[in-house]
Amino acid sequence: MSENAAKDQLPGGEVLVDFEWLRECTDNDTDAIKSLLDLYFDRTAKLLGELDVAIASGRAEEVRRLGHACSGTSGTCGMVKLAPLFKELERIGATGTVDGAAAIATAVRSEFSQAKSFADGTVLG
């Protein structure tokens, strides 16, 4: 494991953000990583607000659409724990209902907050 990879993990080896992937995608350009993550966190925070409205109003297709959009960007930006949660929201919305979406959205918000704090302390800070 590289020195950078060791710093990219939480105690216990848990990975929230795959910085190794981000470094590879950006030719190890710290400014590019910062810009990408700033954009990701800003845009995803906005989409989380839209997701809350969609769930509260029972708009399953909107939950599916938002889950799909966020799972793709989360995967691209190395959000290891967020991407599968957004994929689950996409799956729930595709069933035509929002049953269970609120619980997943709560988990998303928790993981989002942790990933943002971790990224802020690792590369954005």
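These numbers come from a predicted model, not from an experiment.
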Using the salt bridge (Lys or Arg N to Asp or Glu O under 4.0 Å) rule, take Glu50 and Lys46 through it: C-alpha gap first, then chi angles, then the decisive distance, then the call.
CA-CA 7 Å; Glu50 292 177 26; Lys46 179 182 178 279; 2.8 Å; yes
Check this for me: does any side-chain nitrogen of one of Glu20 and Arg23 sit under 4.0 Å from a carboxylate oxygen of the other?
no
Under 3.5 Å donor-acceptor, Ser110 side chain and Thr106 backbone:
no
Scanning both residues in full, the closest heavy-atom pair of Ala115 with Leu82 reads CB-CD1, 4.3 Å
To the nearest 0.5 Å, what is the distance between CG on Leu48 and CG on Leu66?
9.0 Å
Quick one, Val63 and Leu51 - any side-chain contact, counting heavy atoms below 4.5 Å?
yes
Using the test salt bridge (charged side-chain N to carboxylate O under 4.0 Å, His left out), find all partners of Arg91 that sit at least two apart in sequence or belong to another chain.
Glu88
Donor-acceptor under 3.5 Å (Ser113 side chain, Arg109 main chain)
no
Do you know the tightest heavy-atom contact between Thr26 and Leu22?
OG1-O, 2.7 Å
Nearest heavy-atom neighbours spanning Leu89 and Val108:
CD1-CG2, 4.1 Å
Considering all heavy atoms of both residues, which atom of His68 and which atom of Glu90 are nearest to each other, and what is their separation?
ND1-OE2, 2.9 Å
Interatomic distance, Cys77 atom SG to Leu39 atom CG [nearest 0.5 angstrom]
7.5 Å
Phe118 versus Phe19: any side-chain heavy-atom pair under 4.5 Å?
yes
Nearest heavy-atom pair of Ala83 and Gly75: which atoms, and what distance?
CB-N, 3.9 Å
Any side-chain heavy-atom pair of Met79 and Phe41 under 4.5 Å
yes
Main-chain N/O of Ile92 paired with Thr95 side-chain donor or acceptor, under 3.5 Å:
yes
Given the options Asp42, Asp38, Leu36, Thr44, Tyr40 meets side chain to side chain contact (heavy atoms under 4.5 Å, CB included) only with Thr44
Report the distance from atom CG of Leu85 to atom SG of Cys70, rounding to the nearest 0.5 Å.
11.5 Å
